[in-house]
Structure formats: structure tokens, C-alpha cells
Number of protein chains: 2
Amino acid sequence: MTIDEALINKIKNKDRKAMAQAITLLESKASAKMRLAEDLIKQLPAHPQTLKIGVTGPPGVGKSSFIEAFGLYLIDLGKSICALTVDPSSPTSQGSILGDKTRMDRLSRHERAFVRSSPSGTQLGGLSSRSIDIIRLCEAARYDILFIESVGVGQSELDVSYATDITILLIQAAGGDELQGIKKGIVEIADLIVVTKDDGDFRSAVAKTKKQYRNAAHYMRPKHDRWDRKVLSCSAHTGDGLESVWNTVLQWQDEMNLHLKSLRHAQAAHWLQHKTEELILQHFWAKARHTQEYQAIREAILRGDLDLYKAVEKIQAIIHD
Amino acid sequence: MTIDEALINKIKNKDRKAMAQAITLLESKASAKMRLAEDLIKQLPAHPQTLKIGVTGPPGVGKSSFIEAFGLYLIDLGKSICALTVDPSSPTSQGSILGDKTRMDRLSRHERAFVRSSPSGTQLGGLSSRSIDIIRLCEAARYDILFIESVGVGQSELDVSYATDITILLIQAAGGDELQGIKKGIVEIADLIVVTKDDGDFRSAVAKTKKQYRNAAHYMRPKHDRWDRKVLSCSAHTGDGLESVWNTVLQWQDEMNLHLKSLRHAQAAHWLQHKTEELILQHFWAKARHTQEYQAIREAILRGDLDLYKAVEKIQAIIHD
């Protein structure tokens, strides 16, 4: 793969094969490929017109189904859609506990859509700074709407809110104790709360949950001065409520219009810190002496010859050397 | 506060005031105090006899109630108990969505117990490497049992399993879909699964959930070769089941006895990496020139004068300088 104008043009034209190859390159951990990835990322043009929508919520709430249904709804309105989703993975093995969920078959087959599912990696949650590069790539491909799904555990929701314009928190109607299961911090980063599965027998439970969250919203810190968090509901199954979700997103765009630039600048500053720390560590480990001495200390710990805190003293000496 | 033999002796004798002061010191972010903290940690003796029990589980499952009831049960058996618990906090404000939970009043008033609640900080989940230092302190105080509670969101469960000998995952009986809500990765790091609230009207639902998890356990990767994950239940309210939880912990100790040392060495190697990365970053930021140049670049981003990827190039130049 060569990084040239032809490739950049293919990306700009949403060529799926080029997109998939570029993402694989950005995800690579081989050092030669990482250099190519750096090259690529420098040449990708910014495209501020793409609206980035974060989709968060606890496991099982229906994030994939929502993105697929909402994505297809927006395609009917003439939009082009890109969705970065997450393969649930465990630290020791791949796959969610109930096996693979629906991975947006209908959406991913549509010609105006691009769906890419990345493994959530060994970290339980948390976007890597590589994810930011992939987001940049999808913006360069000039999609109208970019969905970014979080794995739904703590840190990842926060990271997604730092990488997107608007964050939609999906919740499910349950037994009345719903508020307890969702951390206040997760609700506070949501611009829009959508109760899922608003169909069939669930409708009255959904209405109740919506009311509870609307009441609770009064006691929560606003995310932006200019926007009151909204609580809606929808059904990915029947499509009910999707129009109202989209209208609320448009209303958000109207209200936030003047502030979106500074919001994005603040987000870039956030990721600058991540990227800087990554580069500092890379630079340290690039020295063969550092990795060798570190490995020797590590092995002494594993043999039981060295206590953690004695090891830390030795590391300090190496760093200050 | 001076770090001298008198202080170390007070800690060894479980002097609560000295313990509390030492933890405050270890949590401090002021640089003079951080140096004192380093001094302290070097002088704390290891005490491998302390059994470290991790308690994880989703928010609302009853982690505090379990630790309090189980702790009081163990105190009746003559044990001394230390519990490191977490104050749920949000990224923007403090406190859980439903306000403060019971913070183990009965346990913390007992003379053979020490309960310390630390804020979970701005990160949603994740133990900091400071938590490891606090654990070392509690071991030096020679408690028989040390409980470490996770905040119950993703990364923190993993971290707790790297910091403790045995991990107990608490789950709750729900509507039949229980397995979906708990990530496979979280279940795989548990040595022991305990269904909580096994009392009153819930008993049959608890029995059902226990059965489901026992079946599911067959399909899950074992955590250790020598130990089959057990599924139990208990009630923090009535005390039912606590004896059986303790007997299972003792059974685990018997089985794992020969392997505990190498398990702890592997954990120390894990934390060495965290601490090393922390020290590398500290060393970089200790140079005034680095922080000044970084701040200038960050401010250019915030003003909109610099794109993230252009900024990263500038940072690279500083690091390689």
C-alpha cells in the first residue's frame, strides 16, 4: 500500500476497499506500518461538515440495532452514513457472552453506508488515540453522518464524548430502579437520552422510564450552557420515534452552531495530551538499552528475586540516567 | 508528618490515625508530599500473610453491603479486616446518582476493622498506581483480610483482579437476561460468583440465576488451571450464605496455595509497567521547557490556529530534540 494522491482521492470518494485498507493500516501495531499510518494521517484533509454522533449505553441496550435503524432512516433522507462500531471482546477471549449480536447487516450492505467494526481490544473500554485517527479518516471520506459506538463501560463513554459532536445515551426501561444502574457521570455527558425498545408490551414501561429521566434531568448538571438535555424514546424494530430523534439532533445543531468550533478545539486539546503521552513513551522504548534493562528487572520480579518497590527504584535510576 | 520508625511502628500496629494520615499522604498530588510518599512506601515491610479479596460487580448490586456483612462475619471469627472502598464519583461532580449509599457504618466502627473510602477520581473506573501503594500500606499494617472494592465499570474490575489474590464477582437476580448485562471478560476474571440479595421474595429468582451462571460457567475460560469457578449466593441482610462464601475462599486458598506466589509476582510485573510509564511521563514533564512548549501548542489548538495533527508533528520535534 502506498500513500499517494490516488489513495487519498479514493478515500475522498468513499471507496470502501481503500477505506477498509486504510483503517487496517491505522490499526496496525507493526512499526513499518505505523510509519505509513503517520504519513497517511498527515495527508487526510479535515472535513468539518461531517456530524459526529456518539452512541453510548450499557451492554444489551441495543446500540447496534439503534445505529442500524437510525442509519437506514437517515439514508432514506439522502444522507451518507459511516458507523464505527465495537466488537465486544473480553480480556482473555473474543466475543460477547451471548455470542455475536446483529452486526448491522442491512446498513452495511447499503451503498451509501460504510460500517466498520473494530475489536474493543484488551482494554475493557476506552478509545485509543488510534480511534481518533480512524475518525479523521472517516471525516476525510466526507460522510454526512458518522456514528461512533462506545463499548458501554465507563471510560469508553467519556472518550466517545470527547470524540463526537453530540452524544446519545441509550437506556432501557426496567423495573423502576433504572437510575441506579446508570452512573451519573454517564448521564451528564449525554446531550440526548433515548429509551430504546419502545414497542409492544414495553410501551408503558418506556413511558414511565422517560418520565423518571425527565424528572432526574432537572437535578443534573447541564453539559452545555445552551442546551437542555432531552429525553426521547424510539423503537429500532418499528422505527417509531426515529424522526423525533433526528429533529432533536437538528435542533441541537441549531442551538450549538456557534459553539461547535470551540467544542471541537477543546476536544482536539484533550487528544493532544493522549497523543503526547503516547509519543513520550514510544520515544523512551525506542532505545534498545531501555527495553533490555526493563525486561531484566521485570524478569527478576517474575522470579521473585525483586520486590515491586525495589524494582521501581531501579527504573528511576534508568530514567534519570 | 515525618517518615520515621515511630510512624512505621504505628502502622504495623494498625494505628488508625497513622493509617489515615499515611493514605492521605499517598493520595496527595503535591510534589513535596509525593516525595514523602515515596519515602514512606520504601520503608513499608511486605506482609504476604494478608489475604487480598477483590469485590467487583455492577453498580447497585450491593458491594458495600456485602463487604460490611462479610467483614463483620469474619471479625466474629477473630479476623482483622481492612476495606478499601470507592466513593462513586462522576467526571464533573461528586456522588452517585441516588446519593450516598451506606458506607459500612457498623464495620468501620469496629476496633478490629479499618475502612477507607477513596474517591474514584475523574477516571470512570481504573485503579491508579497510587492504589497499589495504599494496598501495600494496608498489608504492612498486617490485617488478616483486605477487601478491595471496584467501582464496577470495566477497567476497574480488571485492575482489581491484578491487585488481589481472589476476585469475587457479585451479581443480582434479574428478569432472566442476566448474562447479557455482565461482560464475559468480567466473569472470566472472577474466581467466585456470588448472587446477592438471597432473601425474602427474591429467593427463587436467585436460585434461577445461580443455576444459569453455573451452566454458563462450563463455557467460560477458567481463570486458573487449578480452580473451577464457583457460583454461590448470600444475603447481606440475613447473613445466609456468608459461611459458605468463606469456606469456598478457604478451599480456594488450599487449592491455590502453591501458585499464589507466582500469581503475585505476575501481578507485580503488571504494576511495574504502570509505574514505569508514570515515571517516564513525570520525568518528561519535570522539564520546564517541555511543559511551556506543550502549553503553547495546546493554546494554539484551543484558539483554532493549529490542527491536531499539525500539533502532533510539533510535539514530535520537541520529544526528539
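Below, read A as the first sequence line, B as the second, and so on, with proteins coming before strands; counting in each chain starts at 1. Since we're looking at a predicted model, the values are computed, not measured.
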**Request:** State, yes or no, whether a side-chain contact exists between B:K52 and B:E139 at a heavy-atom distance under 4.5 Å.
**Result:** yes
**Message:** Contact between B:T167 and B:T56 at the side-chain level, heavy atoms closer than 4.5 Å - yes or no?
**Reply:** yes
**Which portion of A:R264 sits near chain B, non-hydrogen atoms under 4.5 angstrom** = neither
**Item:** Heavy-atom pairs under 4.5 Å with chain B, option from A:K310, A:H320, A:K261 with the top count
**Value:** A:H320
**Prompt:** Going by an N to O cut-off under 4.0 Å, is there a salt bridge joining B:R289 and B:E293?
**Reply:** yes
**Asked** Does some side-chain heavy atom of A:D191 sit less than 4.5 Å from a side-chain heavy atom of A:H224?
**Response** yes
**Prompt:** Under the criterion side chain to side chain contact (heavy atoms under 4.5 Å, CB included), which of A:D133, A:L272, A:I41 is the partner of B:L308?
**Reply:** A:L272
**Request:** Among B:E313, B:E38, B:H290, single out the residue with the greatest number of heavy-atom pairs under 4.5 Å to chain A.
**Result:** B:E313
**Partner chain B: residue of A:I315, A:L306, A:I297 with the largest heavy-atom pair count (under 4.5 Å)** = A:I315
**Request:** Name the member of B:H283, B:E299, B:R298 that forms the most heavy-atom pairs with chain A at distances under 4.5 Å.
**Result:** B:H283
**Message:** So, taking the atom named CG in B:D307 and the one named CD1 in B:I301, what distance separates them when rounded to the nearest 0.5 Å?
**Reply:** 7.5 Å
**Request:** Would you mind telling me which of A:I319, A:L44, A:V61 has the largest number of heavy-atom pairs within less than 4.5 Å of chain B?
**Result:** A:I319
**Request:** Could you check which of A:Q273, A:H265, A:Q267, A:Q282 has the highest count of heavy-atom pairs closer than 4.5 Å to chain B?
**Result:** A:H265
